[in-house]
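Proteins get letters first, then strands, A, B, ... in listed order; numbering begins at 1 in each.
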Amino acid sequence: MGYQSVMPELPEVETVRLGLEPVLEGRVITQARTRRGDLRVPFPPHFAERLTGRTVKALTRRAKYLLAALDSGETLVIHLGMSGRMSVYSEGKPRKLGNYVYDVAPASAGEGKHDHVVFETDAPARIIFNDHRRFGLMTLIATDALEKDKMFAGMGTEPLSEGFNARYLAEALSGKKTPIKSALLDQRVVAGLGNIYVCEALFRAGISPKRLAGSVTLDRIKPLVTAIKKVLKDAIAAGGSTLRDHAQATGDPGNFQHHFLVYGREGKPCKGKNGRGTIKRIVQAGRSTFYCPACQK
DNA sequence: AGACGTACCTGACCGC
DNA sequence: TGCGGTCAGGTACGTC
């Protein structure tokens, strides 16, 4: 099958980035093709032409966005939304590139109902962007204007960077009256967390998702920062979380869903140390929150 | 300004 | 088997 990935919070986007790196970074996009006019937003004018023939200088990630810096001075910005996935196939014969083995594309690859964008690179490889809910986006932005763009201006610190520490988070949360669960989902506070990993990090830090953000004291923010970093790192190491049909380059699914302590475990026994609690599901700001009332205060 | 609800779109799943 | 209702990992926008 090649490489495939879905479930895009930070660890899943990073897993996608790692799988795309060998077929994009330093490679030439020999062809780009869109199969409809828009995703969540329209493709920019002459999108395919502006990509074709360009070399990808670097493939990086900011929050849940993938950024492919091109030699034209533009950056291809990709967001996977809720259901976006990238499938990578070798051309001609199966190939090992970097740590990944890419198989040859089946004849129908790129022709599926929700296959919206197809790239060919000189790896040689075919990359297919599939997104059945179409909450994803792809656009082109001048590289030197990226930070000023509405998508990135005001965005918080990367949770795996040194800048994300107790002092930073305390400042970002101070005075906030919204629950800590909602605050951590706010990309202006910290960039890249989503519903699963916020639930998991709060459990690991022993903090109730209902506690108001501004009321979390510094002595509890420290373990929270540690928990966020650890859960993200562990998830990346596990190839992300698969709830449906995610697979890594090897063909194996992501693995981190087996390490969920609260997410999706409503009514099940708590796996924590004091562990007689039962995992509860509530709705906050329209999203499911899973937590253990006995362990999280 | 900040907090909240809602909309975007499709598919999977559950109960009847 | 079919149908309606509910839910889903994200983000942006309108409204108080």
Minimum heavy-atom separation for A:Lys181 and A:Cys199, please, with both atom names.
CE-SG, 4.2 Å

Atom-to-atom span, CE of A:Met86 to P of C:dG9 - whole angstrom
21 Å

Can you tell me how far C1' of B:dA1 sits from CG of A:Asp186, to the nearest Å?
13 Å

Given that both distances must come in under 3.5 Å, which nucleotide forms a Watson-Crick or G-U wobble pair with B:dC9?
none

In whole Å, measure the gap between the C1' atoms of C:dG9 and B:dA3 for me.
23 Å

OP1 or OP2 of B:dC9 sitting under 4.0 Å from any side-chain N/O of A:His114?
no

Whole-Å distance between C:dG9 P and A:Tyr197 OH?
12 Å

Would you say A:Thr178 reaches B:dC4's phosphate, i.e. side-chain N/O to OP1/OP2 under 4.0 Å?
yes

Just N and O in the side chain of A:Lys113: are any of them under 4.0 Å from OP1 or OP2 of B:dG11?
yes

Specify the separation, in whole Å, of atom CD1 of A:Ile180 and atom C1' of B:dA3.
15 Å

For the backbone of A:Ala123 and the side chain of A:Thr121, can you confirm whether one donor and one acceptor N or O come within less than 3.5 Å of each other?
yes

Expressed as a whole number of Å, how far does the P atom of B:dG5 sit from that of C:dC7?
15 Å

Provide, to the nearest angstrom, the distance between the OH atom belonging to A:Tyr263 and the P atom belonging to C:dA8.
6 Å

Using modelled atom types and a 3.5 Å cut-off, is there a donor and acceptor pairing between side-chain atoms of A:Glu9 and backbone atoms of A:Lys64?
no

Rounded interatomic separation in angstrom, taking CD from A:Gln284 and P from C:dA8
13 Å

Side chain of A:Glu158, backbone of A:Val190: donor and acceptor closer than 3.5 Å?
no

In the 5'-to-3' direction, what one-character label does each nucleotide of nucleotides 10-16 of chain C receive under the scheme B = base within less than 4.0 Å of a protein heavy atom, S = sugar-phosphate only, - = no such atom?
BSSS---

Using atom types as modelled and distance alone, determine if a side-chain donor or acceptor of A:Arg133 lies under 3.5 Å from a backbone N or O of A:Phe135.
no

OP1 or OP2 of C:dA8 less than 4.0 angstrom from a side-chain nitrogen or oxygen of A:Ser83, does that happen here?
no

